[in-house]
Asks: 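Before anything else, here's the structure in question.
We use all heavy atoms of the structure for the numbers below, so side chains are in, but hydrogens, waters and symmetry mates are not. Chain A is the first sequence line, chain B the second, and so forth, proteins listed ahead of strands; every chain is numbered from 1. On a predicted model such as this, the values are computed, not experimentally measured, just so you know.
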Amino acid sequence: MLWSLYGNVLVQGVLTGLVYGLMALGLSVIFGVVRVVNFAHGEFAVVAMYAAFVLFRSFGLDPFLSMLPIAAAFFVIGYGLQRTLINPFVSRPEHEQFILLVGLAIIMVNGTLMIFGPDARSANLPYSFDSWEIGPIILDKVRVYAAIAALAVAALLFAFFRFTSTGVAIRACADNLVGAAVVGLNVKQLYALTFGLGLACVGAAGALMVTLTDATPMIAPAFTLLAFTIVIIGGMGSMAGAIVGGLLIGIAEAMASVVIAPSMKTMVSFGLLVLVLALRPQGLLGRRA
Amino acid sequence: MNPFTLLARLVDEAPRRALVLLAVLVAVLLVAPVALDRYLLSVFFLIFWFATVGQAWNVMMGLCGQLSLGHALYVGLGGYVGAVLWVKFGISPAIAIVPAVLVAMAFGAAIGWLGFRFGIEGVYFALLTIAFAEVTRIGFDNWSYVGGAAGFFIPVTAGGGSAINLRGGPLLFYYVALALMVAAFVICAALRRSRLGHAWLAVREDPEAARALGINVFRAKMAAVIVSSAMTAVAGVVYAFYQSNLFPSQSFDIARSIEMILAPIIGGLGTLFGPILGAFILTPLGQTLIALVEKIAGRAIPGVNLVFYGAALMVMIWFAPNGIWPWLKKKLGIPEERS
């Protein structure tokens with residue numbers, strides 16, 4: 001009986017963790033290439049959640065479909081943002097980049113608050129409560145769909161970086177910026193593409209998230225922290241690390257909410273963070289700087 | 001060195017025009033309450049308070065170059081220690097300041113040790129400070145002795161309305177916060193000119209070079225976080241008694257941490273007048289905006305002032321990353337500080 005409970009919690013943690021991982025992947029890709037920490041990451045996730053929510057309520061568009069246009073729109077936003085706002089800050093001190101993005105984050109979260117109010121909104125999908133049973137394990141339909149979608153997007157991104165020439169060029173920028181510029185790569189363009197891709201990840205993740213949890217503006221800083229924690233645990237700039245970190249945090253939070261108390265789950269992920277920072281500051285899969 | 005020679009040295013070394021400006025400002029602020037109503041007194045309280053905590057935060061970021069995004073932690077800790085000692089044990093906040101500061105210093109030292117010992121820098125260190133504030137918030141949320149998530153309240157009548165126990169109206173808090181602001185300024189001015197202050201500046205500019213000069217970088221950073229947390233905790237005690245209530249979700253919130261760092265950034269990082277100038281600009285603007293929106297929309301719209309703060313931050317950092325004070329200083333003809 002107890003083991004089936006833990007089994008269920010584990011499965012739930014893994015499924016949620018994959019969506020967390022996709023969100024963190026966006027942050028990791030941006031940091032790995034552009035070397036800017038997107039402190040508005042959770043805010044973008046929340047805006048994507050509201051976009052998916054509105055599309056669902058107004059047009060009945062399933063979030064698993066609307067994640068595609070949302071991701072596309074976020075790609076364009078990210079591309080434009082990097083081109084206009086962030087590029088001049090790439091070579092500025094870290095705290096200036098941080099302040100710029102915190103300003104953006106404050107505007108986004110409070111803008112959402114002004115438009116939608118503080119109430120939690122949820123997209124009640126017709127199959128929200130459907131599930132499959134495999135022996136003692138119960139699989140929520142939405143969770144499984146969300147996890148599969150997150151994996152698919154992540155796999156696409158991996159393939160892009162591995163097999164396309166643009167992807168390889170972006171990796172070249174990340175590895176050796178001067179070298180990349182010397183061989184004639186358009187670094188500005190590639191940075192903008194990267195930021196766009198990073199935001200597309202968080203856009204897709206946000207759309208998926210709305211099927212798992214309620215949307216409220218105030219959850220945004222928590223998401224930023226969550227993504228940041230995952231990326232540091234997995235290793236800044238490591239794409240696989242983001243997914244592994246997401247899984248780890250997903251499982252740890254799910255376990256903590258059963259074993260200790262639901263309100264304590266964030267404490268466990270921060271505990272993990274402090275542990276990783278102290279013992280392996282470069283992250284589990286990160287390279288030593 | 002006794003405090004008077006210290007003060008004399010400060011007066012000697014500070015630019016003359018800046019001193020005159022400061023003296024006029026303090027004189028005006030001392031008599032200003034005659035012309036202020038309750039609402040304006042509370043606005044000024046917030047200005048002084050944000051100038052104080054901004055000054056405290058500036059010790060870490062502006063002088064020593066260590067970005068802390070969890071300073072609400074020290075405000076909350078100071079507030080809770082002061083409030084709990086007063087309500088549960090009847091210990092006056094005038095005395096409770098000491099344990100409040102000690103607790104905050106202990107937390108600051110723990111964060112600093114963990115961060116600086118293991119070479120956690122920049123954004124990583126910033127995240128560590130947020131993480132500690134968040135963990136503490138969750139801890140207080142679940143600690144029923146101090147009221148948990150439902151909050152902790154300081155009864156308005158407890159022990160009578162004596163000023164020494166920080167029980168009084170807006171006028172009392174006006175002067176208390178003014179005193180805090182002036183004290184924080186004097187402390188920071190003294191620190192800046194001390195050996196420690198120069199070590200901080202060296203660490204901020206180039207930790208490697210500082211090490212080569214024989215400065216103990218770890219110890220300098222630890223001193224910065226401890227001094228900063230102690231100063232912030234004092235302001236935290238005052239704020240708790242001003243509000244007469246404490247909620248973990250507000251006291252340790254990251255939104256408060258960010259609100260605290262706006263004034264020094266807008267005013268000028270690492271400058272002594274920056275936090276004061278920033279607070280004098282931002283707080284009235286934010287309060288006016290809240291009042292204006294309430295008048296136009298007929299109801300309070302939460303978040304309006306924060307959208308404005310966010311935009312102000314972005315514009316500032318875009319056009320004047322060094323803040324307003326360095327620019328204003330040039331306009332006023334105040335020479336660069338010798339440091």
Side-chain angles (χ1 to χ4, degrees), chain A residues 31 35-37 39-40 43 85 88-89 92-115 117-118 217-218 220-222 224-225 228-229 231-232 236 260-261 263-274 277-283 289, chain B residues 61-62 65-67 69 111 113-115 117-128 130-139 141-142 148-149 249 253-255 257-259 261-262 265-266 269 293 297 301-318 321-322:
Chain A
F31 179 79
R35 295 273 144 196
V36 168
V37 176
F39 268 98
E43 283 72 9
L85 202 64
F89 278 73
R92 289 226 214 159
E94 218 170 39
H95 75 267
E96 291 183 15
Q97 300 171 351
F98 156 75
I99 290 161
L100 182 80
L101 284 157
V102 162
L104 185 66
I106 295 175
I107 294 175
M108 285 174 73
V109 67
N110 289 289
T112 326
L113 180 68
M114 283 164 67
I115 297 168
M218 288 316 164
T224 302
L225 276 182
F228 207 177
T229 308
V231 167
I232 287 184
M236 273 272 193
I260 312 171
S263 60
M264 303 296 257
K265 65 178 190 180
T266 328
M267 219 154 173
V268 173
S269 43
F270 283 128
L272 267 176
L273 170 78
V274 170
L277 278 178
L279 299 178
R280 202 179 151 81
Q282 74 272 34
Chain B
M61 179 63 200
Q66 304 304 308
L67 178 58
L69 293 180
I111 295 170
W113 185 82
L114 198 62
R117 192 89 214 117
F118 295 99
I120 298 165
E121 279 159 10
V123 285
Y124 296 87
F125 180 72
L127 182 71
L128 192 69
I130 303 177
F132 261 86
E134 276 293 296
V135 167
T136 313
R137 178 182 67 76
I138 297 165
D141 259 341
N142 291 288
S249 57
D253 192 13
I254 180 162
S257 290
I258 287 175
E259 217 176 333
I261 73 175
L262 293 172
I265 288 170
I266 301 277
L269 268 182
V293 167
I301 300 178
V304 174
N305 58 328
L306 286 163
V307 168
F308 163 74
Y309 285 156
L313 265 188
M314 291 177 76
V315 170
M316 272 306 298
I317 206 68
W318 184 277
N322 294 324

Asks: I need the minimum non-hydrogen distance between B:Ala131 and A:Leu273, along with the two atoms involved.
Replies: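 Looks like CB-CD2, 3.8 Å.
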Asks: Do B:Leu67 and A:Glu94 come close enough that some side-chain heavy atom pair is under 4.5 Å?
Replies: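 Counting from C-beta outward, B:Leu67 and A:Glu94 never come under 4.5 Å.
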Asks: What's the separation between atom CD1 in A:Ile107 and atom CZ in B:Phe308, rounded to the nearest 0.5 Å?
Replies: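 Taking CD1 in A:Ile107 and CZ in B:Phe308, the distance rounds to 10.5 Å.
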Asks: B:Trp318 and A:Leu85: which non-hydrogen atoms are nearest, and at how many Å?
Replies: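 That would be CZ3-O, 3.2 Å.
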Asks: Looking only at heavy atoms and a cut-off of under 4.5 Å, which of B:Leu128, B:Leu306, B:Leu262 has the most pairs with chain A?
Replies: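 Going by pairs under 4.5 Å, I would pick B:Leu306.
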Asks: With only heavy atoms counted, which part of A:Pro118 is less than 4.5 Å from chain B, the side chain, the backbone, both or neither?
Replies: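 Neither; nothing under 4.5 Å.
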Asks: Nearest heavy-atom pair of B:Ile254 and A:Pro221: which atoms, and what distance?
Replies: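 Looking at all heavy atoms of both residues, the shortest contact is CG2-CB, 4.0 Å.
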Asks: Roughly how far, to the nearest 0.5 Å, is the CG atom of B:Asn322 from the CD atom of A:Glu96?
Replies: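 So the gap between those two atoms works out to 7.0 Å.
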Asks: What part of B:Ile317 gets closer than 4.5 Å to chain A, counting heavy atoms only: side chain, backbone, both or neither?
Replies: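 B:Ile317 touches chain A through backbone and side-chain heavy atoms alike.
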Asks: Anything under 3.5 Å between a donor and an acceptor, one on a side chain of residues 97-106 of chain A, the other on a protein residue two or more places apart or in another chain? List them.
Replies:
{"from": "A:Gln97", "atom 1": "NE2", "to": "A:Phe89", "atom 2": "O", "distance (Å)": "3.1"}
{"from": "A:Gln97", "atom 1": "NE2", "to": "A:Val90", "atom 2": "O", "distance (Å)": "3.2"}
{"from": "A:Gln97", "atom 1": "NE2", "to": "A:Arg92", "atom 2": "O", "distance (Å)": "3.4"}

Asks: Given B:Leu127, which of A:Leu225, A:Val37, A:Thr224 fulfils the side chain to side chain contact (heavy atoms under 4.5 Å, CB included) condition?
Replies: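 Going through the options one by one, the only one that passes is A:Leu225.
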Asks: Drop me the distance from B:Asn142's CG to A:Met267's CE, to the nearest 0.5 angstrom.
Replies: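 Taking CG in B:Asn142 and CE in A:Met267, the distance rounds to 7.5 Å.
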Asks: Does some side-chain heavy atom of A:Val274 sit less than 4.5 Å from a side-chain heavy atom of B:Val135?
Replies: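 They are not in side-chain contact.
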Asks: Tell me, side chain or backbone of B:Met316 under 4.5 Å from chain A's heavy atoms, or both, or neither?
Replies: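 Answer is neither: B:Met316 stays 4.5 Å or more from chain A.
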